[in-house]
Amino acid sequence: MPTLPLIAPSILAADFARLGEEARAVQAAGADWLHIDVMDGHFVPNITIGPDVVKALKPHVTIPMDVHLMISPVDSFLEAFREAGADLISVHPEAGPHLNRTLKQIRKLGAKAGVVFNPSTDPSVIQWMMDEVDLILVMSINPGFGGQSFMASQLRKIETLRGMIDATGREIHLEVDGGVTPETARQCVAAGATALVAGTAVFRGGPDAYAGNIRALRGA
Ligand code: DX5
Ligand code: ZN
């Protein structure tokens, strides 16, 4: 059983010219998952990476690849990301017309299915389909860019979702993404988070700092 909270460094904050090396470095530094932010310049106002980059990264790590899709429409790309090596695939409810169908498709492909909550998205969106969910990801920023400040307004949502998860009796990870620092990490864990995404807070200071940065976040 790994120590909670799980830490998922976001490669969005890595050196893009040395992605494989960066992925290996955070794994060696104690990362539990590798978080990969996929953006299409349409669902969010930024463009990042596609399935080919996920595929290129796969042989560099043994930890699960936690792929956060900020693309719309999303359904037609699920298979490509799964084939590229995504172990967890998370989607925004706003990214397609049928969230339930999308989650079933992710599981059918053999990946864990995650739902991502924008700051304005209400927990009720998954109220009638908790059985289809393996991971819940709460955005504590508006998606699109790293380096933004944590929105404390999302802590109550984390608490609410914690209650919904506990009521199922199932193991569903509750992950927080955006502006996570050792300070805000503590608040997230107190609210019920079990996994933390961090870009800036892991990659700052370069490779020699990664292990200490991850320890500081986990110390939460
Ligand atoms: C933003 C991404 C985040 C981002 C977090 O849309 O989903 O994963 O990389 O970056 P930090 O930790 O710097 O806020
Ligand atoms: Zn993310």
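Note that ligands are numbered from 1 as they come in the structure, with each ligand's atoms numbered from 1 the same way.
Distances from atom 6 (O) of ligand 1 to the heavy atoms of G144, A14, G199 show the closest one on G144. Selection from L137, D37, I36, I11 by nearest heavy atom to atom 2 (C) of ligand 1 gives D37.
Panel note: side chain S140, backbone M151; no donor-acceptor pair is recorded below 3.5 Å. Checking side-chain atoms of R24 against main-chain N and O of L19 turns up no donor-acceptor pair under 3.5 Å. At distances below 3.5 Å, not a single donor-acceptor pair connects side-chain atoms of K112 with backbone N or O atoms of D134. In terms of modelled atom types and a separation under 3.5 Å, the side chain of R215 and the main chain of Y210 share no donor-acceptor contact.
Looking only at protein heavy atoms, the nearest one to atom 9 (O) of ligand 1 is S10 OG, 2.9 Å. In terms of protein heavy-atom proximity, atom 10 (O) of ligand 1 is nearest to G146 CA, 3.4 Å. If you check which protein heavy atom lies closest to atom 14 (O) of ligand 1, you get G179 N, 2.8 Å.
The set of protein atoms (N, O or S) found at less than 2.8 Å from the Zn ion (ligand 2) reads H35 NE2, D37 OD1, H68 ND1, D177 OD2, by chain and number.
Per-residue contacts place D177 under 4.0 angstrom from the following atoms of ligand 1 (heavy atoms of the residue considered): 2 (C), 3 (C), 4 (C), 5 (C), 7 (O), 8 (O). For ligand 1, the atoms sitting less than 4.0 Å from at least one non-hydrogen atom of H35 are 8 (O), numbered in the order shown with element in parentheses. If you number the atoms of ligand 1 from 1 as listed, the ones under 4.0 Å from a heavy atom of L12 come out as 9 (O). Against a heavy-atom cut-off of under 4.0 Å, P143 is close to the following atoms of ligand 1: 6 (O). Close contacts between ligand 1 and V197 involve ligand atoms 8 (O) [criterion: under 4.0 Å to a heavy atom]. When each atom of ligand 1 is checked for a heavy atom of H68 under 4.0 Å away, the hits are 7 (O). Those atoms of ligand 1 that come under 4.0 Å of a heavy atom in G178, given as number and element, are 14 (O).
Counting heavy atoms from C-beta outward, P119 and Q154 have side chains that approach closer than 4.5 Å. Inter-residue side-chain proximity for I47 and M39 is flagged as unmet; no heavy-atom pair is nearer than 4.5 Å. Counting heavy atoms from C-beta outward, F43 and H92 have side chains that approach closer than 4.5 Å. Taking the side chain as every heavy atom from C-beta outward, P5 and T194 never approach each other to under 4.5 Å.
Neither L137 nor V202 shares a network with the other; the hydrophobic side chains, linked directly or stepwise wherever heavy atoms of I, L, V, M, F, W or Y lie under 4.5 Å apart, form separate groups for each. By the criterion of side-chain heavy atoms lying less than 4.5 angstrom apart, applied directly or through intervening Ile, Leu, Val, Met, Phe, Trp or Tyr residues, F16 is grouped together with V54 in one hydrophobic cluster.
Within the structure, the closest approach of F145 to ligand 1 falls below 4.0 Å when heavy atoms are considered. Look at A13 and you'll find every heavy atom at least 4.0 Å from all atoms of ligand 1.
When hydrophobic residues (I, L, V, M, F, W, Y) are linked wherever their side-chain heavy atoms come within less than 4.5 Å, the members clustered with L135 are L4, L6, W33, L88.
Remark: F77 CZ is loosely packed, at most 12 non-hydrogen atoms of other residues, nucleotides or ligands lying under 6.0 Å away. Other residues, nucleotides and ligands contribute at most 12 non-hydrogen atoms within 6.0 Å of the CZ atom of R156.
In T200, the parts holding a heavy atom less than 4.0 Å from any atom of ligand 1 are both the side chain and the backbone. When non-hydrogen atoms are compared, ligand 1 lies under 4.0 Å from the backbone of A198 (N, CA, C, O) but not from its side chain.
The two residues M164 and P123 have their closest heavy-atom pair at CE-O, 3.7 Å.
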